[in-house]
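Below is one structure; the comments refer to it alone.
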Amino acid sequence: MEAATGSRILPQMNLRNLNHNSSSLCPQARLPPTFCNVTKASVALNSNSNDKKINAVGGLSLNEKIGVLLLNLGGPETLQDVQPFLFNLFADPDIIRLPRLFRFLQQPLAQLISVLRAPKSKEGYAAIGGGSPLRKITDEQANALKLALNAKEVPANVYVAMRYWYPFTEEAVHQIKRDGITRLVVLPLYPQYSISTTGSSVRILRDMFRDDTYLSRLPVAIIQSWYQREGYIKSMADLIEKELQIFPNPEEAMIFFSAHGVPVSYVEDAGDPYKDQMEECIFLIMKELKSRGINNNHTLAYQSRVGPVQWLKPYTDEVLVELGQKGVKSLLAVPVSFVSEHIETLEEIDMEYKHLALESGITNWGRVPALNCTSSFITDLADAVIEALPSAMAMSTSNTASEEVDNDIFGYAAKLFFGSILAFVLLLSPKMLSAFRNNGL
Ligand SMILES: C=CC1=C(C)c2cc3[nH]c(cc4nc(cc5[nH]c(cc1n2)c(C)c5CCC(=O)O)C(CCC(=O)O)=C4C)c(C)c3C=C
Ligand SMILES: [Fe+2]
């Protein structure tokens, strides 16, 4: 079982500094073991007496019908879609994290915030052509991945499951059932794990799978994060190296990693490993660049904050101004949380941040494109799928992470207390609500 135990999808298990309350939970974010430990999962496969005919891919049966489920966020395709898309996003308890007692406020709050936010979002989508390119690019990535898997003699169907817009996760899962898939790999298109992205999509998958006879028996492997994979790191380094060549003095350009932010409370209270994984990811990309003789200065900042709470710092807009004031003249922006072009690269970075940087004294601006269908990257995703396949096992029906956390009386009391304050602030303070109209306060 070399593919499962030696897999490069496992090293994230070694991350320090993660917040675990229970040894039976997954280090990524208090998930049940089924969702994280592919090494354990491989035991289940070995004990499957139906696997008589064995093929080259980690001892799989030749009769397997393999599926790959790509998880992504989704985006509005037209300006009319923007408010309902935002409603779906803010109605997600992994995005607006209310304590249980206040969950009844989730939908009314989502309605309110989506209506308040829609004008600002619409402006952004209008500036990039009237809608998100995410569906088109994700479909292209799915096709490219299918071809890459075929080239490696692993025929598979590749499905796209969006969290907040079409094609919704439910549609993809129904298609998987209709196609009679017998083994599934779940691959989030987020290199780093966050409760708000991969965590949220996996939570709804788990709910769907638990309640369905066919799905609850389907062997599934979930790749929680893959930012450490050599193929991904090298592909990112290739893009950076190429883009640096465009600067008049490439060695003088500051490499500016701009990651999507999350509220600080995700990391500090809920144990989101996102920040640790992001920092390690940047370290690995810089190490790869150094091995190629590229020793530019670099920095990491967080973009796209929404609402009246503290997000991960430093903030991209503030750092850009500071760098300009300090005399940095050349800057290469590198979006690093996401592998497709989307509103936050095409509008926020290419328009808003570029404008701010030039205004602050930076004269040479560059931006690394998103990986999209870069062939070395797609080939690496295909390898990740193949390595994960042998470890697929049926999803367990054990308690969900949130149920376990909610059993903690002190956590519950704290949630009640902070929840009351949050509800008060959100519902009674129009000033705070206005924060959702713009980025941050
Ligand atoms: C309010 C909370 C939000 C959290 C937490 C969050 C985390 C998060 N998001 C991405 C990637 C994407 N976000 C996108 C759109 C988007 N995200 C939020 C809010 C949060 N994101 C909003 C309100 C929106 C809508 C756009 C806007 O109004 O600013 C998208 C889709 C972009 C598209 O082209 O349609 C992506 C992708 C990550 C990686 C992340 C946490 C790590
Ligand atoms: Fe987002």
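Numbering of ligands and ligand atoms starts at 1, following listing order. Computed over heavy atoms, backbone and side chain alike; hydrogens, waters and symmetry mates excluded.
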Basic-acidic side-chain contact under 4.0 Å: D212, K177: yes
side-chain contact (heavy atoms from CB on, under 4.5 Å) partner of I204, the single match among V173, T169, L71: T169
Under-4.0 Å heavy-atom contact with ligand 1, by part of R117 that carries it: side chain
Any N or O of Y190 closer than 3.5 Å to N or O of ligand 1: no
For V262, the ligand 1 atoms whose distance to one of its heavy atoms is below 4.0 Å: 41 (C), 42 (C)
Mutual orientation of the aromatic rings belonging to W226 and Y232 [parallel < 30°, tilted 30-60°, perpendicular > 60°]: perpendicular
Within-4.5 Å side-chain heavy-atom neighbours: M236 and E241: no
Test: R97 cationic atom under 6.0 Å from Y266 six-membered ring centre, within 45° of axis: yes
Any Y125 heavy atom less than 4.0 Å to ligand 1: yes
Donor-acceptor contact below 3.5 Å, side chain E171 vs main chain F168: yes
Side chains of Q175 and R178, donor plus acceptor under 3.5 Å: yes
Ligand 1 N/O within reach of H260 N/O, cut-off under 3.5 Å: yes
Parallel, tilted or perpendicular, as decided by the 30° and 60° cut-offs, for the rings of Y164 and F85: perpendicular
Contacting atoms of ligand 1, where contact means under 4.0 angstrom from a heavy atom of L86: 23 (C), 25 (C)
Contact check, W311 vs ligand 1, heavy-atom distance below 4.0 Å: yes
T197-ligand 1 polar pair, N/O distance under 3.5 Å: no
Protein N, O or S atoms lying under 2.8 Å from the Fe ion (ligand 2), listed by chain and number: H260 NE2
I240 and F257, any side-chain heavy atoms less than 4.5 Å apart: yes
Under-4.0 Å salt bridge between D207 and R210: yes
Check: S132 N/O within less than 3.5 Å of ligand 1 N/O: yes
Proximal ligand 1 atoms for G75, defined as those under 4.0 Å from one of its heavy atoms: 35 (O)
Ligand 1-proximal atoms of I343, by part, heavy-atom distance under 4.0 Å: both
Side chain to side chain, S225 and T198, heavy atoms closer than 4.5 Å: no
Other residues, nucleotides, ligands: >12 heavy atoms within 6.0 Å of D139 CG: yes
I96, portion touching ligand 1 at heavy-atom distance under 4.0 Å: neither
Minimum-distance pair of heavy atoms, taken over all atoms of T345 and E341: OG1-OE1, 2.8 Å
Ligand 1 versus E344: contacting region, heavy-atom distance under 4.0 Å: side chain
Option with minimal heavy-atom separation from atom 22 (C) of ligand 1, where the choices are L89, L134, D81: L89
Ligand-residue contact atoms, ligand 1 with F90, heavy atoms, under 4.0 Å: 1 (C), 23 (C)
